[in-house]
Amino acid sequence: MSYVFPPPAVVAVPVVGRAEQFPVHRVYCVGRNYAEHAKEMGFTGREPPFFFLKPADAVLVVPEGETGRLPYPSLTQNFHHEIELVVAIGKGGRDIAAADAHQHIFGYAVGLDMTRRDLQNDMKKQGRPWSIGKGFDHGAPIGPIVPADAAGDVSAAEIWLQVNGTDRQRSTVSELIWNIAETIEYLSAAWELQPGDLIYTGTPEGVAAVVRGDVLEGGVAGVGTLRLTVV
């Protein structure tokens, strides 16, 4: 088959302990999925989960043990960090029951849902889609994927982020409003999940702005750490 121009390379994430890489299909994100973060964003309660997507090529891979370079994006003066546990889907499906969700998980990674908060808020006020605040280049940094059997039970793992060595976000995955299995159940009712999908499961409270020169380091216990410099 020929193309009018060369197709882009497959976006892929390293897998800890394996030579093969994980090819990315779609990037789903869960909004306001920690109660305290929902409160700091002006919401309360256990509302039904909602989702937004980032393009696969927004993924910024940071290899194990390295410090990634995160470009400060255009058009914003309020660039926010959101540390997240990422679920990597290895087996697709539709209408997956929460009880069966674990069968579809390939592994876990540490990710950042970076946000142009001023642009997002602007769009919200106008009642317009806010993809410009979320779906920009390099807006989904991620570390290597740890296979599920190596990560163990992440349901109560500590999740944290420091900026320049100072705590910004610290919580546990047990504080998720909608846990991983419930999220997969809801998500697979709206879209048919595919191998290669990444699910950014939500961020705890403490989101705030970063500037050029800041060093971000975060992690999830049992999954690893992610380190970047804003450039």
Side-chain angles (χ1 to χ4, degrees), residues 13-18 20-22 24-38 46 48-49 51 59 61-65 81-113 140-162 167-189 193-207 216-227:
V13 182
V15 178
V16 174
R18 294 177 62 163
E20 303 98 334
Q21 299 211 343
F22 182 92
V24 178
H25 177 244
R26 289 180 180 164
V27 180
Y28 297 98
C29 302
V30 189
R32 297 197 298 264
N33 202 23
Y34 283 79
E36 293 304 314
H37 173 58
R46 194 177 195 238
F51 308 96
V59 168
V61 176
V62 181
E64 188 174 15
H81 58 72
E82 299 188 15
I83 190 72
E84 311 212 0
L85 170 68
V86 182
V87 176
I89 297 296
K91 176 185 173 185
R94 184 185 290 279
D95 296 320
I96 300 165
D100 300 326
H102 66 282
Q103 301 174 21
H104 296 260
I105 297 172
F106 173 81
Y108 304 95
V110 182
L112 280 164
D113 166 21
I142 192 171
I145 295 170
V146 177
D149 57 356
D153 182 10
V154 300
S155 63
E158 184 179 28
I159 181 170
W160 56 275
L161 178 79
Q162 294 183 332
D167 269 17
R168 287 277 187 90
Q169 298 182 264
R170 190 170 292 273
S171 187
T172 62
V173 176
S174 61
E175 295 298 315
L176 283 169
I177 296 172
W178 299 95
N179 66 33
I180 293 167
E182 291 169 330
T183 294
I184 289 173
E185 181 175 77
Y186 270 90
L187 192 59
S188 67
L193 295 182
Q194 300 290 338
D197 286 341
L198 297 175
I199 304 171
Y200 282 60
T201 56
T203 195
E205 69 276 13
V207 301
L216 286 67
E217 185 167 8
V220 177
V223 178
T225 59
L226 174 63
R227 194 172 194 269

Q | Residues forming a salt bridge (charged side-chain N to carboxylate O under 4.0 Å, His left out) with Glu185, sequence neighbours excluded | A |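 With neighbours one apart ignored, the set is empty.
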
Heavy-atom side-chain contact between [X] and [Y] under 4.5 Å:
X: Ile180; Y: Tyr108; value: yes
X: Val61; Y: Pro14; value: yes
X: Val15; Y: Phe106; value: yes
X: Leu193; Y: Tyr28; value: yes
X: Leu112; Y: Leu161; value: yes
X: Thr203; Y: Asp113; value: no

Do side-chain atoms of [X] reach the backbone of [Y] as a donor and acceptor pair under 3.5 angstrom?
X: Gln169; Y: Pro204; answer: yes
X: Asn33; Y: Trp178; answer: yes
X: Thr201; Y: Leu85; answer: yes
X: Thr172; Y: Ala156; answer: no
X: Asp197; Y: Arg26; answer: yes

Q: Any chance you could lay out the side chain to side chain contact (heavy atoms under 4.5 Å, CB included) test for Trp160 and Glu217, step after step, and finish with the verdict?
A: CA-CA 8 Å; Trp160 56 275; Glu217 185 167 8; 4.0 Å; yes

Q | Candidate list Ile159, Val86, Leu226, Thr225, test side chain to side chain contact (heavy atoms under 4.5 Å, CB included), partner Val220, passing option | A |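 Answer after filtering Ile159, Val86, Leu226, Thr225: Ile159.
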
Q | side chain to side chain contact (heavy atoms under 4.5 Å, CB included) partner of Ile89, chosen from Ile184, Leu198, Ile96 | A |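 When Ile184, Leu198, Ile96 are each tested with Ile89, the side chain to side chain contact (heavy atoms under 4.5 Å, CB included) holds only for Ile184.
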
**Q.** Minimum heavy-atom distance between Ala101 and Ala181, given as atom pair plus value
**A.**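 Reported closest heavy-atom pair: CB-CA, 3.7 Å.
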
